[in-house]
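What follows is a single structure, written as structure tokens, with notes after it.
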Amino acid sequence: ILGGEPEEPDLGGTLSLSATPSSLSFAAGQTAQNLQLRISAAGAGSIDITSIREDRTYNLWGTERGVTESVDLSVPGGLSETVDRMVTLDTLERAKALGAGTEGGFTLKYVVSGLDTYGNPVSNTLNVPVAVSGAPASTLNVQGLSIQLPGSPYFRGEAVVGSTITVQA
């Protein structure tokens, strides 16, 4: 070949992901948060996004694969598209995130797949950390309780130091 090295063929496009906000935090009692998933395309032509999947990884429960959602979205090379996502947290998911504590979390993983201009499959993943708070320990208020104690083995009027009364219900 005259004139040097042969030209590299154009291999199509690449896909990158980011989220706003970059992490989420669910307070006690909070069950939904909005997240914007930004899908960017680089390279020649455009990328046709065909699916988005949301997986969750819990420390004690492992990974739960989400349902793959079909999407019809074209992202031109050099540009980005934003997709609004609603992240929900039901009672079971909160329990999985908290384990036995009042603070915990999980990792939300977005898997975005599509095809570049030449029909080549492209995909990328984005991990979003999620902090979860649980309700503080419950307090039990008892009213109208009467306790009868046996007679003291001590003389009347003597103080008993460090004593404990346990009530079982």
Side-chain angles (χ1 to χ4, degrees), residues 1-140:
I1 297 176
L2 296 176
E5 301 272 327
E7 256 185 56
E8 288 290 320
D10 186 352
L11 299 177
T14 59
L15 184 63
S16 63
L17 305 173
S18 63
T20 303
S22 59
S23 64
L24 295 175
S25 181
F26 283 88
Q30 193 173 17
T31 59
Q33 295 246 359
N34 287 313
L35 180 128
Q36 290 185 326
L37 185 62
R38 184 180 172 102
I39 304 169
S40 302
S46 62
I47 295 185
D48 293 324
I49 305 302
T50 56
S51 67
I52 299 175
R53 191 180 77 231
E54 179 185 295
D55 299 338
R56 295 180 184 212
T57 302
Y58 301 94
N59 288 338
L60 299 175
W61 290 82
T63 299
E64 292 182 354
R65 186 180 170 122
V67 175
T68 300
E69 174 187 342
S70 292
V71 177
D72 184 17
L73 177 67
S74 183
V75 183
L79 298 178
S80 299
E81 291 288 338
T82 300
V83 179
D84 290 327
R85 308 295 293 179
M86 178 65 68
V87 180
T88 60
L89 187 69
D90 64 24
T91 303
L92 179 59
E93 292 163 337
R94 183 178 297 273
K96 289 177 183 179
L98 293 175
T102 58
E103 299 291 325
F106 61 94
T107 300
L108 192 61
K109 178 180 175 183
Y110 285 100
V111 180
V112 177
S113 300
L115 299 171
D116 70 8
T117 300
Y118 304 107
N120 299 316
V122 293
S123 67
N124 206 338
T125 60
L126 175 68
N127 290 329
V128 178
V130 181
V132 178
S133 296
S138 298
T139 302
L140 175 64

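None of these values were measured; they are calculated from a predicted model. For reference, positions follow the sequence shown, starting with 1.
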Crowding at CG, Asp72 (>12 non-hydrogen neighbours, <6.0 Å): no
Taking all non-hydrogen atoms of both residues into account, name the closest pair between Ser123 and Ser113 and its distance. CB-OG, 3.5 Å
Heavy-atom distance under 4.5 Å between the side chains of Asp55 and Val111, does that happen here? yes
Under 3.5 Å, is there a donor-acceptor pair between the Thr63 and Thr57 side chains? yes
Give me the atom names and distance for the closest heavy-atom approach of Val132 to Leu98. O-CD2, 3.5 Å
Return the set of residues passing ring-ring contact (aromatic ring centres under 6.0 Å, His included) with Phe26 (not counting sequence neighbours), or none when no residue passes. none
Gln33 side chain to Ser25 main-chain N or O, any donor-acceptor pair under 3.5 Å? yes
Taking Thr82 for its side chain and Leu37 for its backbone only, find out whether a donor-acceptor pair lies under 3.5 Å. no
Are Leu108 and Val87 close enough that some pair of their side-chain heavy atoms sits under 4.5 Å apart? yes
Ion pair check, Glu64 and Lys109, cut-off under 4.0 Å: no
Check the side chains of Ser74 and Asp48 for a donor-acceptor pair under 3.5 angstrom, ignoring hydrogens and angles. yes
Do the side chains of Val112 and Leu15 get nearer than 4.5 Å, heavy atoms only? yes
Distance-only side-chain donor-acceptor flag, Thr20 / Gln36, under 3.5 Å: no
Does a side-chain heavy-atom distance below 4.5 Å link Arg85 with Ile52? yes
Where the side chain of Arg38 meets the backbone of Val83, is there a donor-acceptor pair that is under 3.5 Å apart? no
